[in-house]
Asker: 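Got a structure here, written out as structure tokens. Questions coming.
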Amino acid sequence: MLLIPDNVRVSGAGSAFLSKYAALLDIVLRVGDVAIVVLAAQLSYWACFGIVGMEVPYDSVVLLTVLLVLLVFPAFGLYRSWRGESVSIEIGRLAVAWLLVSALLVMAEWIVTLLKHYSREWFSIWFVVTILMLAGYRVVARRVLGSIRARGIDSRDVVIIGATDAGRKIVEAARKYRWMGLDVIGQVHTDFDQDSIKDVPVLHSSIEGFINSLQKHVPDQIWLALPLRAEALIQQILEATSDLPTTIRLVPDMFGYELIHNSAATLAGVPVITLRGSRIDGHSRIIKAVEDRLLASIILLMISPLLLLIAVGIKLTSRGPILFKQKRHGLGGIVVEVWKFRSMRVHAETQGKVTQATRGDPRITPFGRFLRSSSLDELPQFFNVLQGHMSIVGPRPHAVEHNDHYQKLVSRYMQRHSVKPGITGLAQINGCRGETDSLEKMERRVNFDLKYIRNWSIWLDLRIIAITAVRGFFDKNSY
């Protein structure tokens, strides 16, 4: 597939902020759970003793409970996306998680020694009031977010491939439960169809036609409602969409593919598997965005004198602008401008061609050679991080022309764009820097990038940043 040019529309791209807003609600849910535990403890204390404000050891017990909630509740999947899952299942998990937290409190050796110091009546009231308040809070949160999604906000455009029984059930569920935020915009016929899905527009009567249409319009999600014997067709669709920023889901399950952040779930009782998604999504994307902006602000304040010295050095050693801007592909394949300190003499490139710097490149100024070998030329990209176009850690952004070239040669190349590009990354700390003058070098870099996406965590980011700070500034492959 070709890269997504500026005139190609990606479904839901205009509601990216609203999608982040929904993820922010997920974080608010976590904070709300902790607040409810504390509030319920205080209300129970007031009901038992008629006093506002808890005393020792009650406040210590509540603090320990909050810590246990932060550890136990995520383990029960209480903060994952609940699109398509009933509220009764979520409240059931919530009740079991709270029961476990309460049991851990009682079983903890040091808390047992304090049992005689606080009221069992208070503990019983607190246990009941907390679960009731938590359940009510979840119901209200679902109604609020469901109401938002029912109005088309934070919704996902879905294309169904395969008019099978499974496909019909998913469409019926999406129509019945509008709060799930799934908008089925059309179906694509296959040789495995039993009949067309009622009231769903037929976008294409062949897979080939649908694949060709993706050059102009990319849906948020593609659902493969196909039988198990359609393995070859599923593989064809996965390969054809490997360069597109869209989520692929299969109904029912299928294995044997190269998966990124695959997960199983149910949609109104129908089993589905996400074959390709991003680990950095939902509240994880919010956490990473906060991490990026916080660290970028601190780093820019620390290096501001260095930025000024480099700017003066560029002006004194060569004619031309201080900064160099180049178009790169960012999150979802969208073209963004990435900033660098100018390290070359001003020159003109052939239209549609970008020549990589090579060892001893005459275009590079002496001062620019120092900037490139030390990676100091990339420091202005911290401003790109503040803009939200880049992350501190992620796959390095390649020139648009290089992407046009390598996406045709390297398998899964464009899956790098399921996250924001970074100033440094797992590939860079493993020696994949500088000129990629062979296909093997680019394949190795892409493999590291995909490994980072599959295994992302905030701790991995901090580890990469630390390694870069210690040994990543000067590199023999950077010139």
Side-chain angles (χ1 to χ4, degrees), residues 22-148 177 179-180 264-266 268-269 282-284 286-287:
L24 185 60
L25 286 180
D26 185 27
I27 295 180
V28 171
L29 198 65
R30 294 171 181 259
V31 176
D33 285 346
V34 172
I36 285 174
V37 169
V38 176
L39 178 60
Q42 177 59 68
L43 290 175
S44 301
Y45 191 87
W46 175 77
C48 287
F49 307 110
I51 301 175
V52 176
M54 290 179 290
E55 301 175 349
V56 177
Y58 293 90
D59 53 358
S60 300
V61 173
V62 173
L63 177 60
L64 177 59
T65 303
V66 167
L67 295 177
L68 289 173
V69 165
L70 293 174
L71 291 173
V72 173
F73 278 24
F76 277 77
L78 293 175
Y79 302 114
R80 68 186 184 189
S81 175
W82 45 260
R83 289 179 190 262
E85 186 175 275
S86 69
V87 67
S88 60
I89 293 177
E90 183 179 9
I91 292 177
R93 287 204 310 268
L94 186 67
V96 174
W98 177 241
L99 180 62
L100 177 60
V101 168
S102 302
L104 290 174
L105 271 176
V106 175
M107 288 189 298
E109 180 178 353
W110 73 271
I111 200 67
V112 171
T113 63
L114 297 176
L115 284 174
K116 61 182 179 181
H117 297 298
Y118 68 81
S119 168
R120 293 183 180 180
E121 179 184 6
W122 167 78
F123 186 87
S124 301
I125 295 175
W126 181 31
F127 177 85
V128 176
V129 170
T130 299
I131 189 60
L132 291 176
M133 291 180 67
L134 287 174
Y137 181 54
R138 293 307 176 103
V139 171
V140 171
R142 277 185 174 241
R143 287 186 177 275
V144 171
L145 192 52
S147 178
I148 292 173
Y177 307 108
W179 48 265
M180 292 190 297
T266 59
H283 65 269
S284 297
I286 295 293
I287 292 173

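Computed from a predicted structure; not experimentally measured.
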Asker: Enter the distance from D59:CG to Y45:OH here, rounded to the nearest 0.5 Å.
Answerer: 9.0 Å

Asker: Step by step, would you call D33 with R138 a side chain to side chain contact (heavy atoms under 4.5 Å, CB included)?
Answerer: CA-CA 9 Å; D33 285 346; R138 293 307 176 103; 2.5 Å; yes

Asker: Roughly how far apart are L71 CG and L100 CG, rounded to 0.5 Å?
Answerer: 10.5 Å

Asker: Is there side-chain contact between V61 and W122, with heavy atoms separated by less than 4.5 Å?
Answerer: yes

Asker: What distance do L67 atom CG and L104 atom CG have between them, rounded to the nearest 0.5 Å?
Answerer: 12.0 Å

Asker: Measure from the side-chain N and O atoms of Q42 to the backbone N and O of G53, and report whether any donor-acceptor pair falls under 3.5 Å.
Answerer: yes

Asker: In sequence, state the C-alpha distance, the side-chain angles, and the governing distance for V139 and I91, and then conclude on side chain to side chain contact (heavy atoms under 4.5 Å, CB included).
Answerer: CA-CA 9 Å; V139 171; I91 292 177; 4.0 Å; yes

Asker: Going by heavy atoms in the side chains, are S44 and E121 under 4.5 Å from each other?
Answerer: no

Asker: Is T130 close to T65 at the side-chain level, that is, under 4.5 Å between some pair of heavy atoms?
Answerer: no

Asker: With a 4.5 Å cut-off on side-chain heavy atoms, are L43 and W126 touching?
Answerer: no

Asker: Only one of V101, L29, V34 clears side-chain contact (heavy atoms from CB on, under 4.5 Å) with F73; which?
Answerer: V101

Asker: Begin with the C-alpha distance, continue with both residues' side-chain angles, and end with the deciding distance and a verdict on ring-ring contact (aromatic ring centres under 6.0 Å, His included) for F123 and F127.
Answerer: CA-CA 6 Å; F123 186 87; F127 177 85; 7.2 Å; no

Asker: On a heavy-atom basis, which atom in A40 and which in M133 lie closest, and how many Å separate them?
Answerer: CB-SD, 3.9 Å

